[in-house]
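Everything below concerns the one structure shown next.
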Amino acid sequence: MPELPEVETTRRGLQPHIEGLCIREIIVRNARLRWPIDANINQYCANQPLQHINRRGKYLLLGLPAGHIIIHLGMSGSLRMAHHSEPASLHDHVDIILDNDAAIRLRDPRRFGAVLWQDGDVNQHPLLAKLGPEPLDGDLATVLWQISRCNVPLKNLLMDSHRIVGIGNIYANEALFDARLSPFRKASTLDLAECNQLANSIRHILETAIIAGGSTLRDFVGVNNQPGYFQQTYAVYGRTGLDCPICHQAIVKTKQAQRSTFWCPECQQ
DNA sequence: ACATCTACCTGGAGGC
DNA sequence: TGCCTCCAGGTAGATG
């Protein structure tokens, strides 16, 4: 489930293999992702140099002279490098073929992902224009203070990309546990010290996951179908009934806004 | 304006 | 073994 750390790991994994190369063509085997892939995408991208690969929230941005290819991995998407002649499997929907015969291959079984084109300034794209700030850039405690002046539960706040980007269900659960804050608490009740505490936890959780992902970068250029990141180990996520690592009480699972919340009732009052 | 709910999709797990 | 049901999740768009 790609959240910010997995997307950033993907970006770092692809970067040395693609920057400076030319796109020969884009092969779309199945255009039916979250939004249909533009049938004319080759008109924008073929024979164009890949100048850089950036990230905005959970979106990967492939920079071409005239615009950007925007890729979102949804919840089951992964990118890896393959040789263009390597047979594609069932869910390998898109290949971006490069002029050295390599391919950036998108695999996405559940097709919640997206491959889009945006002319000119990529931040003008409707999906990017309204995104909140990056959690790892700037003063996160101040950002949290500013966005927390509202009446939503803390977990919903962290998962709302229009308020802050990059944090999905897994890392929202983990960050709130690390900060010893209840996922059900109303955001507006946080004081500055608690915003600071939560900022430290979010940074710690995300940076630790990125470092863990970095140790697996070699897998981006392999013959297997594994994405370039591994399942991390978590303190609360997916650990219903198991011991809290701090107080050893049982971790509880609750539905919150149609999503599973994992938390320790003792540590996160 | 703001908060919450629904829909999209499919592999895997569990029950019978 | 096979069929059925449920669950996971990001986010736009609809609804309250």
Side-chain angles (χ1 to χ4, degrees), chain A residues 1-11 28-38 55-61 70-79 88-94 106-116 118 123-135 146-176 183-190 202 205-206 209 225-227 229 231-232 234 236-241 251-263:
Chain A
M1 289 144 232
E3 300 184 25
L4 186 153
E6 291 79 13
V7 177
E8 178 60 21
T9 295
T10 300
R11 190 192 71 78
V28 178
R29 294 184 199 82
N30 186 348
R32 294 172 51 246
L33 301 184
R34 172 91 197 254
W35 296 279
I37 298 175
D38 188 334
R55 179 185 60 75
R56 176 74 174 98
K58 298 173 188 171
Y59 293 91
L60 284 167
L61 312 174
I70 302 171
I71 299 177
H72 197 289
L73 298 176
M75 57 173 289
S76 62
S78 60
L79 289 169
S89 61
L90 179 61
H91 301 295
D92 290 337
H93 303 313
V94 178
L106 172 69
R107 177 183 173 87
D108 187 4
R110 294 181 197 179
R111 294 196 278 117
F112 270 44
V115 177
L116 306 161
Q118 171 69 17
N123 289 309
Q124 297 302 308
H125 192 281
L127 292 173
L128 302 189
K130 288 181 290 183
L131 291 179
E134 293 283 333
Q146 288 167 345
I147 66 173
S148 62
R149 304 303 94 196
C150 64
N151 196 34
V152 295
L154 283 180
K155 178 149 172 278
N156 304 35
L157 179 86
L158 295 185
M159 290 180 66
D160 184 347
S161 64
H162 297 115
R163 305 183 205 261
I164 186 167
V165 298
I167 306 171
N169 200 37
I170 294 173
Y171 294 114
N173 279 300
E174 292 295 307
L176 287 167
F184 310 102
R185 190 162 149 194
K186 289 294 166 74
S188 57
T189 68
L190 286 189
I202 291 170
I205 293 293
L206 294 180
N225 275 325
Q226 300 305 308
Y229 46 85
Q231 178 93 0
Q232 316 277 326
Y234 304 118
V236 289
Y237 182 83
R239 299 192 65 246
T240 314
I251 299 299
V252 172
K253 173 172 152 178
T254 311
K255 279 282 182 190
Q256 188 178 14
Q258 282 70 50
R259 291 289 178 264
S260 295
T261 291
F262 300 91
W263 57 297

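Heavy atoms only: backbone and side chains are in, while hydrogens, waters and symmetry mates are out. Below, read A as the first sequence line, B as the second, and so on, with proteins coming before strands; counting in each chain starts at 1.
Put simply, CG on L4(A) and OG on S161(A) are 12.0 Å apart, with the number rounded to the nearest 0.5 Å. For the atom pair SG of C150(A) and CZ of R163(A), the computed distance is 4.0 Å after rounding to the nearest 0.5 Å. Rounding to the nearest 0.5 Å gives a distance of 10.0 Å between CG of L176(A) and CZ of F184(A).
For the pair R110(A) and N156(A), both in contact range of DNA chain B, the more 5′-proximal nearest nucleotide belongs to N156(A). Checking N30(A) against C150(A), the closest nucleotide of DNA chain B that is more toward the 5' end is the one next to C150(A).
The two residues L33(A) and I37(A) make their nearest non-hydrogen contact at CD1-CD1, 3.9 Å. Shortest non-hydrogen contact noted between N173(A) and F262(A) is OD1-N, 2.9 Å.
Here the side chain of R32(A) is nearest to one of dA3(B), dG11(B), dC9(B), namely dC9(B). Among the nucleotides dT11(C), dC9(B), dC5(B), the one closest to any side-chain atom of S161(A) is dT11(C). Here the nucleotide nearest the side chain of R111(A), chosen from dG10(C), dA3(B), dC9(B), is dC9(B). Residue N169(A) places its side chain closer to dG10(C) than to any other of dT11(C), dT6(B), dG10(C).
Within the nucleic acid shown, N151(A) comes within 4.0 Å of sugar-phosphate atoms alone, with no base atom in reach, counting heavy atoms only. Residue contacts shown for I170(A) are absent, as no nucleic acid heavy atom lies under 4.0 Å away. Across all strands, S260(A) comes closer than 4.0 Å only to sugar-phosphate atoms, never to a base (heavy-atom distances).
One atom, CG of L116(A), and another, P of dA12(C), lie 11 Å apart when rounded to the nearest Å. Whole-Å rounding puts the L154(A) CG to dA3(B) C1' distance at 15 Å. Put simply, NZ on K155(A) is 14 Å from P on dT11(C), counting in whole angstrom units. Across the protein-nucleic acid pair, Q256(A) atom CD and dA3(B) atom P stand 15 Å apart, rounded to whole Å. In this structure, D108(A) atom CG and dC9(B) atom P are separated by 12 Å, rounded to whole Å. dG10(C) atom C1' lies 16 Å from atom CZ of R56(A), rounded to whole Å. Taking atom CZ on R55(A) and atom C1' on dG10(C), their separation rounds to 16 Å, with Å as the unit. One interatomic measurement links the two molecules: CD1 of I70(A) to C1' of dG10(C), which rounds to 16 Å at whole-angstrom precision.
With a 4.5 Å cut-off on side-chain heavy atoms, L127(A) and I70(A) do not count as touching.
For R163(A), a side-chain nitrogen or oxygen approaches OP1 or OP2 of dA3(B) to under 4.0 Å. At least one side-chain nitrogen or oxygen of K255(A) sits closer than 4.0 Å to the OP1 or OP2 atom of dA8(C). Taking side-chain N and O atoms only, H162(A) has no distance below 4.0 Å to OP1 or OP2 of dC2(B). The shortest distance between the side-chain N/O atoms of K253(A) and the OP1/OP2 oxygens of dA8(C) is below 4.0 Å. A close approach under 4.0 Å does not occur between any side-chain nitrogen or oxygen of H91(A) and OP1 or OP2 of dC9(B). In terms of phosphate contacts, K130(A) brings no side-chain nitrogen or oxygen within less than 4.0 Å of OP1 or OP2 of dA12(C).
Heavy-atom contacts from other residues, nucleotides or ligands closer than 6.0 Å to CZ of R32(A) number 12 or fewer.
In this structure, H93(A) has no ring-ring contact (aromatic ring centres under 6.0 Å, His included) partners at least two apart in sequence or on a different chain.
Taking a pair as Watson-Crick or G-U wobble with both distances under 3.5 Å, the runs of three or more consecutive pairs in DNA chain B are B:2-16 with C:2-16.
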Please tabulate, for side-chain N and O atoms in residues 253-260 of chain A, each donor-acceptor pair with protein atoms closer than 3.5 Å (sequence neighbours left out).
from: T254(A); atom 1: OG1; to: W263(A); atom 2: NE1; distance (Å): 2.9
from: Q256(A); atom 1: OE1; to: T261(A); atom 2: OG1; distance (Å): 2.6
from: Q256(A); atom 1: NE2; to: P183(A); atom 2: O; distance (Å): 3.0

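Contact annotation: side chain of R259(A) to base of dT6(B), donor-acceptor pair absent below 3.5 Å.
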